[in-house]
Amino acid sequence: MTRQSLIIDCDPGVDDAVALMLAFGSDRLETLAISTVAGNAPLDKTTRNARMLRQIAGRDDVPIHAGADRPLRRKRAGAGEFHGEEGLGFLTPFPPSKPIADGHGVDALIRHVLERPEKTVALAVLGPMTNLALALRKESSLAARLGPVAVMGGARSEGGNITPSAEFNVWADPEAADEVLRSGCDIVMFGLDVTHQVRADDARIALIAGKHTPAGDTAAAMMRFSQKVEREIVGWDSPPVHDLCPVAWLARPELFELKPCRIQIEIQSELTRGHTAVEFRVEASTAPHRWATKADADGVFALLAEAVS
Ligand code: RIB
Ligand code: CA
């Protein structure tokens, strides 16, 4: 089995944490580096959290680079109520033993992609797209050299989760999302339409906890925190584990159905800021983007269970 090399750009964040446990443990993926971004929590916390999760998973071999501490233009806005004060739910912060790697996350992304044959390094973006937008501005060849860019963001038929019109990651930095979607990168977008199909119910959480490993215990704890919060705030019993989707697709693409499309981002209106206008009436052969419409949720959780075993 050939392993997909990837870089993960994230803002841990409880669902980012579950996605990282998948990436760290899957033998279908080779995680070259992690970059962090401000989003669910400020950059210092998302970066500390990524280092904590790396240590829990026993993957201190993966370098972590801190990235952008704010959006391209907007003020930083968090989603603390869904991730807890420290960004990892109930998990008490501890000082991770390994420091961050030298170099900004944007430069690390560029370096890793340019060091390898073109289209061989994929990117999973699990937070606001600020770092990728900055990297595309800095390196003109990046869009052509990057492999698939699997992004968690946007909403079409599901409606928004931070406003009626928009999903948090795109809403948090709509200008970055707009620049990324205009860049020519091979974008596959996993919006709420598909992430709302991948929910952590009691049985799936028990499957992961049942592996009795530090990675499995941590992933289960993150999902249990989400269960509590989503019950209180949204009234859902089983929270969607949004950020699992892009990483699971890079590991096993057959678990998802995608549709060719053209995606445009609202950056003018305050009312609909960050709305993803997804147009399916395109020629498949020349469509600039792909939008995930279906997920095999049991397959995704089986993949996670394999990875945390
Ligand atoms: O809207 C869901 C997204 O926003 C996820 O990436 C979650 O971690 C938050 O960042
Ligand atoms: Ca995230």
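Each ligand, and each atom within it, is numbered from 1 in the order the structure gives.
Side-chain polar atoms of D193 and S157 form a donor-acceptor pair below 3.5 angstrom. For the residue pair S97 and Q55, a side-chain donor N or O sits within less than 3.5 Å of a side-chain acceptor on the partner. Between the side chains of Q227 and D201, not a single donor N or O lies within less than 3.5 Å of an accepting N or O. If you check the side chains of T36 and T47, you find a donor sitting under 3.5 Å from an acceptor.
The shortest N or O to N or O distance between L126 and ligand 1 is under 3.5 Å. Polar contact with ligand 1: absent for H242 (N/O pair, distance under 3.5 Å).
For ligand 1, the atoms sitting less than 4.0 Å from at least one non-hydrogen atom of H83 are 8 (O), numbered in the order shown with element in parentheses. Listed by atom number, the atoms of ligand 1 under 4.0 Å from M152 heavy atoms are 2 (C), 3 (C), 5 (C), 6 (O). For ligand 1, the atoms closer than 4.0 angstrom to any heavy atom of E167 are 1 (O), 2 (C), 3 (C), 4 (O). Which parts of ligand 1 touch D16 is read off a 4.0 Å heavy-atom cut-off, strictly below it: atoms 8 (O). Counting atoms of ligand 1 from 1 in the listed order, those under 4.0 Å from a heavy atom of D11 are 10 (O).
If you check which protein heavy atom lies closest to atom 9 (C) of ligand 1, you get N40 OD1, 3.1 Å. Nearest non-hydrogen protein atom to atom 5 (C) of ligand 1 is D15 OD2, 3.2 Å. For atom 6 (O) of ligand 1, the closest non-hydrogen atom of the protein is D243 OD1, 2.7 Å.
By the criterion of a heavy-atom distance under 4.0 Å, the side chain of N161, and not its backbone, is placed next to ligand 1. At a heavy-atom distance under 4.0 Å, no atom of T195 approaches ligand 1.
Checked against the 6.0 Å centroid criterion, the rings of F82 and F168 do not qualify as a close aromatic pair.
Ring pair F225/F90 is perpendicular by interplanar angle, where above 60° counts as perpendicular and below 30° as parallel. Using the six-membered ring where Trp is involved, H242 and H196 have ring planes that are tilted, between 30° and 60° apart.
Salt-bridge check for R231 with D237: passed, with a basic side-chain N closer than 4.0 Å to an acidic carboxylate O.
When the N, O or S atoms of D243 are ranked by distance to the Ca ion (ligand 2), OD2 comes first. In D11, the N, O or S atom that comes nearest to the Ca ion (ligand 2) is OD1.
Draw a line from the Ca ion (ligand 2) to OD2 of D16 and another to O of L126, and the angle between them is 90° (to 10°).
A 4.5 Å side-chain heavy-atom check between L29 and R3 finds every atom pair outside the cut-off. A 4.5 Å side-chain heavy-atom check between L114 and E139 finds at least one atom pair inside the cut-off.
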